[in-house]
Number of protein chains: 2
Amino acid sequence: MTLADSAPKLGRKRDLSRDGEILLAALDVLAETGYDGMTIDMVAARAKAGKATVYRRWASKGELVIDAVACMKNANLDVDALPDTGTLRGDLIAMIKPHAIEDSERKLQVMAGLMSMLQKTPELVDAAHAAIIEPRARINRILMNRAKERGEIPADADTETLSLVGPAMAAYRTLMLRKPVDRDYLISVIDGVVLPALGLPRPPQR
Amino acid sequence: MTLADSAPKLGRKRDLSRDGEILLAALDVLAETGYDGMTIDMVAARAKAGKATVYRRWASKGELVIDAVACMKNANLDVDALPDTGTLRGDLIAMIKPHAIEDSERKLQVMAGLMSMLQKTPELVDAAHAAIIEPRARINRILMNRAKERGEIPADADTETLSLVGPAMAAYRTLMLRKPVDRDYLISVIDGVVLPALGLPRPPQR
DNA sequence: TATATACGGAACTGGAGAGTTTCGGATACA
DNA sequence: TGTATCCGAAACTCTCCAGTTCCGTATATA
């Protein structure tokens, strides 16, 4: 037996892909029923697994949820794949794709499901921030900083705050107002709030 | 016995002020622990009441919470008490008072505590909207429409959306980012987002 | 003072769910 | 084929809490 092998000695190897299926199931249940409404049986059933299998891999419901939230982080675009249309408006609107809207809504539902738990579990705040909040804001920040470099918007624009306007309005509309966040709404936020705040003229009409 | 008295026949009159104390206690617990973490014993203890007393007045935990949320609606300013400084910026900044910040934060904590319940209880969406969301947006809308009437901002400005920018940013910062919403932050949102989006120049510095 | 009512407190019931244990079956490896 | 390991299912324990019931007491009315 050579080294460089870190675990399996005898019998069947532990199936790591099973972990991912259970985490995905946990996210589904989390988004649908929230942390308190979620039971381990629900998660196990959705993953076609037994309750014991879940507890063989995570010590408690809380740790499962933390892992599930953390694993959302991976499903992200890399910087090179960002649109580059030449204008900030073009870039921001190119980011509005059906898939992105669905993904965002799901993340917000997960976040809503975690809300009650955030107060008691500080490490969940970090996990949720890294997996849900930051990736979304990061894209806007990059696009705005590009616009800054090419002189399209003032160099002293507060892109740190402005990159959060879209996400904040979408979260507010979804979670508080319970109204749909569709393409038209996102465009109206871009054209009616974000771009004017950056000193760019409103496009002709809408 | 004259008329104009609507109930008591014998014995002790039912103490209506007790209702209010219990509802206030329920809001405290709701803000601190959320709907699922809240127990009727907690509410009763905080109101120095017995559990049975609570159930004598509300049929279930859910109805108690709905009533508690609805009763937040009353603690609101009337339109005549709004500031009128002559400029939109002056009015918006005059609204930032320590009491208003605390009140707003408490409402957001209550809202966070309700989050998990909103999905299953549509009538709570309405109650929360009327008591928490709308009063805050309403003030901004009124101030902005005044500015519109006096010609300070364009007549076609989308005040419906812009009146939600402040509340949305505050909610996002409190509930998602878990950072403090203080006077400086609110001013930076007003000066960096809301006013520029309305075509008003940014004030000299900050 | 007498009485009816509402009170706070405490004991109780029933159900739901977290976490554990057991077991028969499937599967990878020798 | 034999064996060790992991699996899904189900039964189990234990705690917590919604909601109920009961009781001794306080108080407003008469």
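Chain naming here is simple, since letters A, B, ... match the order of the sequence lines and numbering starts at 1 in each. Values reported hereafter were calculated over all heavy atoms of this structure, with side chains retained and with hydrogens, waters and symmetry mates removed.
- For B:R18, a side-chain nitrogen or oxygen approaches OP1 or OP2 of C:dG8 to under 4.0 Å.
- For residues 154-181 of chain A, every residue pair satisfying the salt bridge (charged side-chain N to carboxylate O under 4.0 Å, His left out) rule, not counting sequence neighbours, is listed here: A:R141-A:E160.
- Residues forming a side-chain hydrogen bond (donor to acceptor under 3.5 Å, both in side chains) with B:D126 (at least two apart in sequence, or on another chain): none.
- A side chain to side chain contact (heavy atoms under 4.5 Å, CB included) with A:I190 is found for exactly one of A:V165, A:L88, A:L195, namely A:L195.
- One interatomic measurement links the two molecules: CG of A:L64 to C1' of C:dG19, which rounds to 13 Å at whole-angstrom precision.
- Scored by the side-chain hydrogen bond (donor to acceptor under 3.5 Å, both in side chains) test, B:T53 finds B:R56 as partners (sequence neighbours excluded).
- The nearest heavy atom of DNA chain C to B:A47 and to A:S60 marks one nucleotide each, and the one closer to the 5' end goes with B:A47.
- Here C:dA26 presents its C1' atom at 18 Å from NZ of A:K48, a figure rounded to the nearest Å.
- The distance between atom CD of B:E21 and atom C1' of C:dG8, rounded to the nearest whole Å, is 14 Å.
- Between B:M117 atom CE and D:dA18 atom P there is a gap of 12 Å when expressed in whole angstrom units.
- If you measure from atom CH2 of B:W58 to atom P of D:dA18, you get 15 Å, rounded to the nearest angstrom.
- Judged as a side-chain hydrogen bond (donor to acceptor under 3.5 Å, both in side chains), and not counting sequence neighbours, A:R138 has no contacts.
- In terms of the side chain to side chain contact (heavy atoms under 4.5 Å, CB included) criterion, residue partners of A:A112 (sequence neighbours excluded) are, by chain and number, A:L175, B:M115.
- Nucleotide D:dC6 holds its P atom 10 Å from the CZ atom of A:R57, rounded to whole Å.
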Inset, instruction - Mark up nucleotides 10-17 of chain C, 5' to 3', with B wherever a protein heavy atom is under 4.0 angstrom from a base atom, S wherever such an atom reaches only the sugar-phosphate, and - elsewhere. - result: -------S
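- Going from atom CZ of A:R56 over to atom C1' of D:dC7 covers 6 Å, rounded to whole Å.
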